[in-house]
Every structure is written in structure tokens, then in C-alpha cells.
Protein chains: 2
Amino acid sequence: MTPPPRPDRSADVKDKIRSAAKRLFTADGFDATGIRDIAAEAGVNPAIVIRHFGSKERLFVETIDANSSWSSALEGPLDEIGERLVRAVITGRRNGLQVFGSVVRASGRADVRAHLQSSLAQQFVGPLAARFAGDDAELRAHLFAAQATGLMFALSVYDDEYLISASADGIVEHYGASLQRLATG
Amino acid sequence: MTPPPRPDRSADVKDKIRSAAKRLFTADGFDATGIRDIAAEAGVNPAIVIRHFGSKERLFVETIDANSSWSSALEGPLDEIGERLVRAVITGRRNGLQVFGSVVRASGRADVRAHLQSSLAQQFVGPLAARFAGDDAELRAHLFAAQATGLMFALSVYDDEYLISASADGIVEHYGASLQRLATG
DNA sequence: GTCTATAACGTGATAGAC
DNA sequence: GTCTATCACGTTATAGAC
């Protein structure tokens with residue numbers, strides 16, 4: 001009568017798939033990593049990946065979060081937010097930028113684009129708009145997000161070698177100040 | 001001895017393929033448009049597309065230019081360059097943004113990324129660095145490009161609905177001024 | 001000999017039978 | 001859960017047409 005212990009082996013398998021997918025998607029991007037690669041790394045059969053997650057695209061969306069790396073930089077004093085965010089993007093884990101790049105490149109798919117939009121809205125624009133002052137606060141929050149993603153874009157999508165190897169201080173000074181202007185005028 | 005009349009039928013075919021490719025790549029993106037779609041629209045056989053252009057990727061690179069739409073906005077007085085560029089991006093052909101988005105999403109491929117980099121360097125960063133003053137002119141030119149692409153990115157890649165339907169004047173006022181700061185301090 | 005067309009190969013994601 | 005089939009894709013081999 002007592003239900004069997006139910007170790008629920010499938011939760012285990014899903015986790016293994018998730019972490020394999022996360023590593024491969026981050027390193028190689030959406031297109032270049034196949035279901036077979038993920039399955040091999042997780043030690044399971046390719047078909048069960050689809051069976052558990054529905055499609056490669058859904059697995060990607062469920063596994064990857066484009067903006068989690070620097071949302072913490074949005075907290076703290078508002079009059080230094082530009083500098084703080086720029087520094088977080090530049091010096092933060094290179095991993096965060098890689099993830100951002102892989103999401104951007106996969107954003108042709110509707111589900112991925114929707115995920116990118118809502119992630120930016122919830123982790124970026126929303127919190128900013130709530131803190132900014134003035135009646136154009138929402139507009140400035142959107143523009144702040146656009147400018148911030150511009151830097152991530154340069155570092156992770158088109159790989160601006162000059163900026164990648166430039167001194168952090170120079171970037172912080174100029175780009176941070178330019179961002180700050182949108183936050184506090 | 002006289003060279004043959006050279007009707008060169010193949011130039012004709014190449015042109016038809018090019019314009020079909022341009023339209024489809026722009027409208028649907030790199031992944032979603034197949035060689036077979038392009039061939040059908042051009043009225044030719046799929047195999048000759050590859051024969052003439054080598055690969056789908058090379059056809060893409062040869063057909064699409066991510067930044068040609070607004071490079072003209074970089075000319076003119078330097079003390080209004082921020083406003084001028086923002087206005088060009090916002091009010092310019094929606095086509096230019098679509099092309100930009102399709103290049104960005106295809107930038108996982110090495111050839112496409114290289115093309116995007118050199119296009120930005122030659123049409124954007126180079127001319128800017130030459131006109132900016134100060135010893136950090138080159139750094140500011142790169143940051144200017146990063147910020148400018150941030151706006152294009154918002155409008156064409158993650159499709160920020162708020163910005164897309166916002167009044168041009170508000171965006172020009174804030175983002176243009178923030179850009180201008182990098183151009184002339 | 002160059003341009004074009006037909007058919008086929010290899011690989012990818014995914015669906016269905018067992 | 002596993003295996004196999006299916007379908008679409010980019011690409012290539014090959015052979016015909018001018």
C-alpha cells in the first residue's frame with residue numbers, strides 16, 4: 001500500500017540533460033550544438049531529449065538566461081549605476097557574455113525572441129523604470145537598456161577586438177558617463 | 001582573334017539569384033530561407049545557386065550589407081552627429097533594420113561575423129575615429145559604434161515594442177545627446 | 001568547355017511503433 | 001526509454017545541352 005520509494009529517475013535524467021545543454025549551448029551556440037551532442041554528453045539516447053523537452057528550441061529557452069549575470073549591478077545607488085553596470089559587463093564572467101551572444105544569435109526563433117524580450121523587460125527595463133525619476137522615466141529606462149545591450153553586443157556578438165582588449169577604466173569613464181546621463185540626466 | 005560577343009548569360013542568372021536572395025534573406029532571415037526557396041524565386045535550379053556562389057553563407061555575405069543604410073548620417077557637422085544618426089536609424093528605411101537583424105542573427109558563422117566586423121570598422125568606426133578629436137578618439141569611436149548599434153539592436157533584434165512605437169523626438173533628445181557626449185564630450 | 005539539370009548523399013530534428 | 005522512419009536541409013556527383 002505504501003507507494004514505492006519513487007526515486008523518480010527521470011528528474012535525474014532531465015537535470016543531466018539540462019546541464020549538458022547549458023554547457024554546449026553556451027560554448028558553441030544554438031546551431032552548432034546538435035541534439036546528438038547533448039545526448040552524448042548527458043549519456044542518454046537522443047530521442048529522450050526531445051521526449052522530455054519537446055524540442056531543441058524549448059530546451060534552449062528553458063536552459064539559458066541571457067541577462068542573469070549583471071542584473072545585480074542595477075541595485076545600489078542610482079547616481080553610480082552607469083559606472084557599476086559597465087564595470088559588471090566588462091569584468092564580469094566572460095560566461096555571461098557568451099550566453100548573451102548565443103541567445104542573440106538564436107533570436108530568429110519566435111520562442112527565443114520572446115524569452116529575450118521578457119527577460120530584458122523583467123530584469124532590466126522594469127526595475128530601472130521603477131527607480132528613475134521624471135515623467136519620461138520609462139522611455140529613459142528603455143534607452144538605458146538599449147545602450148547597455150549595445151556594449152554587450154560589441155563584446156559578445158561582433159567581437160570588437162579593440163574594446164575587448166581596451167583598459168576597463170577608459171570604457172567605464174566614457175560609456176559609464178554616457179549611460180549615467182540617461183539614468184539621472 | 002576578336003573575343004567572342006560575350007552574351008554571358010550567367011551574369012543575368014547571377015543577378016536574378018542575388019536579388020531573390022536579398023529579398024528573402026532580408027524578409028525571413030538566414031536560417032529560414034533555403035537554397036531551394038531562393039532558386040524557386042529566381043526561376044533556376046537549386047544546384048546552380050551553389051555552383052555560382054559556392055555556398056549559402058557566401059551568397060549571404062555577398063548579398064547583404066548590414067550598415068550601408070545610415071553611413072551617410074556620419075557625414076555633416078560633428079556637433080550634431082548624435083541627433084542625426086539617431087534620426088536616421090529611427091526614421092530610415094525599416095529595411096535597413098531588417099537587414100541589420102538578419103546579419104546579427106547569422107553572425108554565428110565565421111564568415112558572416114568577419115563581414116559584420118569589417119563593415120562596422122570601415123563604415124563606422126574608421127570614419128568616426130578620423131574625425132573625433134583628442135587622444136582617446138579611437139576609443140570613443142568604438143564606444144560610439146557600440147552605443148549606436150545598441151539602438152539598432154533594440155529596434156531590430158529584440159524588437160522593443162515601446163521604443164518602436166515611441167515618438168522619434170523623445171528618443172532623439174535623450175539617446176542622441178548621450179551619443180553626442182561620446183563624439184564631442 | 002562552360003552552364004544547367006537530375007538525382008543522390010550526409011546530417012539534422014522530430015514522430016511513432018515497440 | 002529505445003529504435004527506426006521520415007522529412008527537410010545544404011551540398012555534391014554526374015551527366016546532358018549549348
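Since we're looking at a predicted model, the values are computed, not measured.
Sequence order on DNA chain C of the closest nucleotides to Gly54(A) and Asn45(B) puts Asn45(B) first from the 5' end.
Rounding to whole angstrom units, CZ of residue Arg58(B) and P of dG10(D) are separated by 16 Å. The separation between Ile35(A) atom CD1 and dG1(D) atom P is 17 Å, rounded to whole Å. dA13(D) atom P lies 11 Å from atom CZ of Arg51(B), rounded to whole Å. The CD1 atom of Ile48(B) sits 17 Å away from the C1' atom of dA13(D) (whole-angstrom rounding). Distance CZ (Arg36(A)) to C1' (dG10(C)): 11 Å, rounded to an integer number of Å. Across the protein-nucleic acid pair, Asp12(B) atom CG and dT4(C) atom C1' stand 15 Å apart, rounded to whole Å. Whole-Å rounding puts the His52(A) NE2 to dG1(D) C1' distance at 8 Å. Following rounding to the nearest Å, Ile38(B) (CD1) and dT11(D) (P) show an atom-to-atom distance of 10 Å.
In terms of heavy atoms, Arg58(B) sits closest to Ser55(B) at N-OG, 3.1 Å.
Counting only N and O atoms by type, the side chains of Gln117(A) and Asp160(B) include no donor and acceptor under 3.5 Å apart. A side-chain donor from one of Arg105(B) and Ser107(A) sits under 3.5 Å from a side-chain acceptor of the other. In this model, no donor atom of one side chain and acceptor atom of the other lie less than 3.5 Å apart for Gln98(B) and Ser156(B).
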